[in-house]
Amino acid sequence: MSELDRLLEGAIALDKWPLARLVRLFEDPRPAAVPEKAAAIAGLEARGAAPRAMVAGYTGTPGSGKSTLVGQLAARLISRDPAATVAVLAIDPSSHRSGGSILGDRTRVHFPIGERRLYFRSQASDRELGGMGRATYPVVRLLERLFAYVFVETVGIGQSEVEIERLADRVYLVLQPLGGDQVQFMKAGIMEVPHAFILNKSDVGAAARRSYHALRASIDFARPGEASPPPIFRTSALSGDGLDDVLEDLIAHRSTHDAEARRARDCYFFEKWVRDEYGRFGLDLLEQQGGADALLAASGSFEAAQAAYRAPVAPPAP
Amino acid sequence: MSSPNDPGPAAPERLPHRLYDADGNPTVDRPWIFRTYAGHSSAAASNALYRKNLAAGQTGLSVAFDLPTQTGYSSDHPLALPEVGKVGVPINTIEDMHQLFEGIPLAEMNTSMTINATAMWLLALYIGVARERGEDVRRLQGTTQNDIIKEYLARGTYIFPPEASLRLIAEMYEYCLDNLPKWNASNICSYHLQEAGATPAQELAFALANAIGVLDTIRERGAVSPERFPEVVGRISFFVNSGIRFIEEMCKMRAFVELWDEITRDRYGVQDPKQRLFRYGVQVNSLGLTEQQPENNAWRILIEALGVTLSRKARCRALQLPAWNEALSLPRPWDQQWSLRLQQILAYETDLLEYPDIFDGSVVIQSKVDELKRQAREEIARIEAMGGIRAAVESGYLKSQLVRSMSERVSRINSGELVIVGVNRWTDGLPSPLLTGEDGGIFKVDEAETRRTLEALAAVRAKRDPARVAAALAALEDAARSGKNMMEPSIECALARVTTGEWADTLRRVFGEYRPPTGVEGQRLYVDNERVAEVRRRAEEFVRRTGHRPRIVVGKPGLDGHSNGAEVVAVAARHCGFDVVYSGIRLTPEEIVQSAIEEAADVIGLSILSGSHLELTRQVIEGLRAAGAGDSIPVIVGGIIPKADHEALRALGARQVFTPADFDLADVMSRIMDVVEAQAGVSAR
Ligand code: B12
Ligand SMILES: Nc1nc2c(ncn2[C@@H]2O[C@H](COP(=O)(O)OP(=O)(O)OP(=O)(O)O)[C@@H](O)[C@H]2O)c(=O)[nH]1
Ligand SMILES: [Mg+2]
C-alpha cells in the first residue's frame, strides 16, 4: 500500500493522525500538491467516500460565541445520534504581519478525548478581514467525504458572507446582544444571507430580550415580504439553553448539495481559486480554456481540474 | 505640643522624629510578622519544617499546599499523582491536618494558608482539628487566601465559575464574622498580578476593584446586617507585591492606604478609621529573581523588603521573602533561614522601628503617590463601566491587559532597555560557590513521602464511617443547591473524614467548572531585531518548502498554573511567523496530544514549572506514540528544569530543553525552528 493509500484508509476510519495529515495536504496551496490532492479525491471516490456531509456555516460578529456554540452543538449532535460524525473547521481571522496567528477557537471547545466521531481543525485566514481562507474550500471538499456534518466557523464582518453562502448548505448568523440604545442591528447587507439567526448569550438578561426585538425588526426591514421569515434562535452556549432548537433546525434542513448545486459550487470556487492565484490574466486564460464549468466537467474533480488548468507562466524573475 | 501661651505643667517635649505611645512615653514599633512560605512532601515532613522554623524565631506560619490540594483532587487521583507533595503539602483528610499541626497550639498561632478554590474546605479542616483537640475555635487567628479573581487572572488554581466562587468567598466572611472573629476570610491579592506582569497602577486598580467586587457581593446578599457591614469591611486584608523599583513600590503602598481609606469611607460609609485601615501582608517580587548569577538575588530581596518597611504609614503587617535560589527550585531550609535572617536584621539591628513615617511631608513622594492614585482611579472607573470585576474577568479584558504588560516587560528585557544585572548586562561572572555544594544548591523533594501520603489516605478511607461520610456529603450538596451557607456542612465533612477530592467533586457537580480566557489573542511582542527577521525569513522559507506554515501547540500539562512562560512563547511564536495553538493552563497530556494530532502540529512545546516535568513529558510522548505520531511530532520542554534532569528529558525523547536563562526570545524561536526544520527535512540555513 502506498503512503497515500494508508492515509486514506486511516482517514476513512476517522483515525485522527492520518486524517490530520490529509487535511494538511489539502491546505497546501502549491501547484505541486495538486496531483496528490487529485489522487486523494480519486482514492476516496474509489473507496466509496463520496461527498455526503451537510455543510453548515456559522458566521457572525467577533466574540459572539461561535466557537463555544459550535463545540456544544457538535458534542450534542453526536450524543443524540449514534451515527452522526462531525468535523469542525474553524477559520481564525487573527493574523499578524509576520504571517503567524494565534488560533484561538480551539480554546473554547472541549471534545472528549479519543472520540473519533468529532474532529476539530483550526485554520488561519490569510485575509486581512477574516472570512474564509484559500485553503477552506479544498479542506471542506475532503471533510465532506468523511463526515456526516461539516461545521465551518468564520468571522463575518460584511464581505465574506457571500462565500459562506456558496459553501454551506445552511448558514447561521451568530450575534450577541447589544447594549442599551443600539437600535439598528446591522447593515442590511449582512442580514440577507443567513438562513437562520442565532442570538447567543441569551443568559445576559435584559439586553438579550431587547436585542431580540431589535433583531426581529432589522430582519423585517432588510428582508421585507419574505414568505417564511428566517427563524431567530435564542441560545446560551454556556448554559445550553436553546441549543436543541438549533439542532432541530439543522437536522430538519439536512440536505447536501445535489450534483447540480455541487457543480455550481465547484465553479464558483474554481474561479475564485484562479483569481486568487493568477489574477485577471488567469481568468482570461480560463475562458480561453473553455471556462470553469467545462474544465470541471472534463476533468472529473475539482482537484483534477486544477491539475488540468494551464496556468499562466510566471514572468521570469527580475 | 506645648504652646508658648500655656506652658502647662512640665509637658514632656515631643520630637517629630520620635515615636510616643498613648501616654506620651517614647516607644518603638513592634516588628511585623515574619513568615516563611513553606510546605512540601507530606504533612509529617512539613510539620517538622514548621517546628524548626518556629524554633528559629519565625513568628507565624505560612502554609504552601500542593497543587492537587489547591485544585480539589485527592492524592490518588490520576491528575494528582505526578504532583503530590511537589510544591507544597498534600492534605487529603483531617488526619493529614492533625499531622501538619502536631505540637503547634492553634489558638496561639497565626496561620496563613495559601489556599483558594478549596479555601472553605481547608478552613473547615483547620476548625475541625481545633474542635477535635478541644481548642477554643473563636481564638483561631490567621488568613485563608481565598481570592479567586486573581486565580483566574494570574495564579490558576480556580475550579468553579465566578458566581459560585464569589458566593464561597462571601459565605466564609459571613461565617467568620460570627464564629472566627480574628480570621481573615480572604486576602485580596495583588501580589500575583505583579508576578504576571502588572504595572503598579494595574496592581492598585485590579486589586481594589476586586475588593469592591467582594464587598458588593456580600452587601447584595444581605446576610450581614447593614449595622455589621463595616465590620466586614474591616476584615478585608490584602496581599501585595514589592518589586525592585522600591521607591515607586513604597509610593504604591501609600497609594493603597489612601485609596482604601477613600473607598471604604465613600462607597461603604465606614466611619471608624480602624475599619478603614489598609491591612496587608507582603511577599516580595520573585519574577525578577534570576537563574543567572543567582547570588545577586539576595540583594534584590533586601531592596524589595525596604519598599514595604521603610514607610511606617504603609508598612506591611507580615512579610515573607523568597530565597536566592528562587529560579532554581523550592528553597532548602538553609535558604529560608538566610532570608529570615534578613528580616531579623532589618527589624532588630537597624533603627527602622524607632521613627514615625520618614516620608511625611516629602513633596516628591506625595506627587508620585498622587500620580499612581490618579492612574488607578481611571482604571477602576473603566472596570466599573464594564460592569465590575466579574464582567472584566469574564470578557477577558483584565487577563489581556496583564499578558500585554508581560509581553512589554519581556520585550524590554530582550532589547536591553530594562536592565537585569547578570541577565542582559554584566553577564560574565565568576562561578557561584553557592551552587557547588553537594546538592547543587537545589532542593529535592523526597518522592518516598508520596507513598506515606497515599497510605494515610487509604487508611482513612478504610477506617471511616461510610454512612456519616455519605450523609455529610449529601448535606453539603443540599446546602450548595439550596443557597444555604456551606461552612457548617463542610466542617461536618471534615469531621466525618471526607477527602479533599470528595468535597470538591460534590461542588463541581453543583457549580460546574470554569476556564477563564487566556489573554494571548491579539498580543504582540515589541522586539524587532535582525534575529527576529531571520526567524521570520526561515518561517517563510518553511512555508515555501512544505506548503504550510510552521505550527506549534504550546501546552501546559498537569495542574501547573504558571502561565507567563507559555504566554510569552505563544506570543513570540506568532510574532516570528508560527501558527500557534495555545489552550491555556491545566490540560491533561491527552488533551495536548489530541490538539497536536488534530491540528497536525509541527512541534509541541510543553511549559512545566511544577516540578513534574519528567512524568508529564513522558505521558505526552507516550500519548503521541500511541496515536501513531511518535516519530512525527517533536516535543520540546521549557520551565523550571534542574540541570540534572535535562539528560533524563532528552532520554525520554524531548528534543530541546529551555529554562529561565533562555530569556532571549529570538534565540528560543530560532532553536524551535531548528527542531521544526529538522523534522520536516528542510533547512533554510
Ligand atoms: C511568576 C511566578 C509565579 C506566579 C505565576 C504567574 C503566572 N501567571 O505565570 C505566581 C505568583 C502566581 C506563582 C505561583 C506559584 N508558584 Co511560582 N514562580 C514564579 C516565578 C517567580 C517566575 C516564573 C515566571 O513567570 N518567569 C517568567 C517567564 C517568562 O519565564 P519562564 O516561565 O521561566 O519561561 C521562560 C523559560 O523557562 C522558557 N520556557 C518556559 N516554558 C517554555 C515552553 C516552551 C515551549 C519553550 C520553548 C520555552 C519555555 O522560555 C521562557 C521565556 O524566557 C518562579 C521563579 C523564577 N524566578 O523563575 C516561581 C516558581 C516557578 N513558582 C513556584 C511555586 C512552587 C509556585 C506555587 C506552586 C506555590 C504554591 N505552593 O502555591 C504557586 C502556585 C502556582 C500554580 N497554580 O501552579 C516554584 C516551582 C518549584 C519547582 N518547580 O520545583 C518556583 C520555581 C519558585 C520557587 N523557587 O519556589 N508563581
Ligand atoms: N454569557 C455568555 N457568554 C458566552 C456564551 N457563549 C460564549 N460566551 C463567551 O463569549 C466569549 C467569546 O466566545 P467564543 O466562542 O470564543 O466566540 P467567537 O464568536 O468564536 O469568537 P471569535 O472566534 O474570536 O470571533 C467567551 O468568553 C465565551 O465564554 C453565552 O452563551 N453566554
Ligand atoms: Mg471563534
Side-chain angles (χ1 to χ4, degrees), chain A residues 6 10 15-34 36-37 62-63 68 87-88 90 92-115 118-124 126 135 179 201 204 207 238-240, chain B residues 161 391 394-396 512 514-515 517-518 520-525 532-533 535-536 539-540 543-554 570-584 588 590-591 593-602 623-624 626-629 632-633:
Chain A
R6 258 195 302 275
D15 193 358
K16 300 231 159 130
W17 180 231
L19 171 61
R21 284 163 69 199
L22 271 186
V23 173
R24 181 190 277 174
L25 168 66
F26 278 78
E27 284 178 341
D28 188 341
R30 297 173 305 169
V34 166
E36 206 180 347
K37 283 191 261 191
T68 317
V88 178
D92 201 297
S94 91
S95 173
H96 187 249
R97 72 197 153 80
S98 70
S101 43
I102 297 214
L103 303 170
D105 297 318
R106 191 176 187 99
T107 314
R108 305 279 176 227
V109 176
H110 300 283
F111 285 163
I113 297 297
E115 174 54 83
L118 291 174
Y119 176 69
F120 189 101
R121 178 74 168 218
S122 318
Q123 205 173 70
D126 39 17
K201 307 197 185 181
V204 298
L238 290 193
S239 75
Chain B
E394 289 173 349
S395 71
Y514 182 74
R515 294 185 75 85
T518 63
V520 296
E521 284 159 57
Q523 302 288 353
R524 52 178 300 237
L525 216 58
V532 165
V535 182
R536 283 191 188 161
E540 288 312 317
V543 176
R544 266 192 297 280
R545 302 280 278 273
T546 67
H548 70 277
R549 191 161 279 290
R551 191 171 265 217
I552 183 170
V553 166
V554 177
V571 172
R574 173 193 189 226
H575 187 74
C576 290
F578 280 75
D579 278 345
V580 182
V581 176
Y582 171 60
S583 297
T588 62
E590 293 83 3
E591 285 169 321
V593 167
Q594 176 152 314
S595 286
I597 297 264
E598 291 197 353
E599 299 289 353
D602 294 290
L624 281 175
S632 313
I633 306 181

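Here is how names work: the chains are called A, B, and so on, in the same order as the sequence lines, proteins then strands, and each is numbered from 1.
With contacts defined as side-chain heavy-atom distances shorter than 4.5 Å, the pair R30(A)/R544(B) does not qualify. Counting only heavy atoms from C-beta outward, the side chains of Q594(B) and F111(A) approach each other to under 4.5 Å. Side-chain contact between R536(B) and S98(A): present, with at least one pair of heavy atoms (C-beta onward) separated by less than 4.5 Å.
Of the listed residues (E590(B), E521(B), R549(B)), the greatest number of heavy-atom pairs within a distance under 4.5 Å of chain A belongs to R549(B). Ranking P550(B), S595(B), P517(B), A573(B) against chain A, the residue ahead of the rest is S595(B), based on heavy-atom pairs under 4.5 Å.
A salt bridge links E599(B) with R106(A): the distance from a Lys NZ or Arg NE/NH1/NH2 to an Asp or Glu carboxylate oxygen falls below 4.0 Å.
L118(A) touches chain B through its backbone: at least one of N, CA, C or O sits under 4.5 Å from a heavy atom, while the side chain does not. For chain B, the nearby part of P112(A) is the backbone; its heavy atoms alone come within less than 4.5 Å.
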For this session: Determine, step by step, whether L103(A) and Y582(B) satisfy the side-chain contact (heavy atoms from CB on, under 4.5 Å) criterion, reporting the C-alpha distance in whole Å, the side-chain angles of both residues, the deciding distance to 0.1 Å, and the verdict.
Result: CA-CA 8 Å; L103(A) 303 170; Y582(B) 171 60; over 6 Å; no

For this session: Evaluate the side-chain contact (heavy atoms from CB on, under 4.5 Å) criterion for residues W17(A) and S632(B): first the C-alpha distance (whole Å), next the side-chain angles of each, then the deciding distance (0.1 Å), finally the verdict.
Result: CA-CA 10 Å; W17(A) 180 231; S632(B) 313; 3.4 Å; yes

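With hydrogens and angles ignored, the 3.5 Å screen pairs no side-chain donor or acceptor of D579(B) with any backbone N or O of G100(A). R24(A) contributes a side-chain N or O that, together with a main-chain N or O of A600(B), makes up a donor-acceptor pair within less than 3.5 Å.
Interatomic distance, CD of E591(B) versus CD1 of I113(A), reported as 5.0 Å (0.5 Å rounding). Here E598(B) contributes atom CD and K16(A) contributes atom NZ; the two are 4.0 Å apart, rounded to the nearest 0.5 Å.
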